[in-house]
Amino acid sequence: MLALAMNDLGKGVFFFGLVLCAIGLLLWSGLGRGWLGRLPGDIHYTRGNFSFHFPIVTCLIVSLVLTALAWLLRR
C-alpha cells in the first residue's frame with residue numbers, strides 16, 4: 001500500500017515538474033512580457049528615486065490557475 005502511494009506521489013511530482021518547466025519556457029520565450037505584472041490593479045508607485053511594485057492582480061490570477069490545476073489533478 002505504501003509503495004503504491006509513493007509511486008503515485010512520484011508521478012505527481014514528475015508531472016508538476018514538467019508543467020513548471022513548460023510555464024518557465026513560455027515565460028522565458030517572452031510570452032508574458034507585455035502584460036504579466038502590468039495588469040490593471042497591480043500596484044506601482046514611483047516618487048523620485050524610490051519605486052515600489054506589487055503585482056497583486058497577477059498574483060491572484062496565478063493563484064487561481066494553480067488552484068484549479070491542483071483541483072483537477074486531485075480528481
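This one's a predicted model, so the numbers in the text were calculated from it and none came from an experiment.
Here side chain to side chain donor-acceptor pair (under 3.5 Å) pairs that include residues 10-30, with residues two or more places apart or in two chains, number zero.
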Atom pairs and distances, side-chain donor-acceptor, residues 16-25, under 3.5 Å, sequence neighbours left out:
none

Throw together a table of side-chain donor-acceptor distances under 3.5 angstrom for residues 51-64, partners on residues two or more places apart or in other chains.
unit_1	atom_1	unit_2	atom_2	d
His53	ND1	Ile43	O	3.4
His53	ND1	His44	ND1	3.2
His53	NE2	Gly37	O	3.0
Thr58	OG1	Gly37	N	3.3
Thr58	OG1	Asp42	OD2	3.0

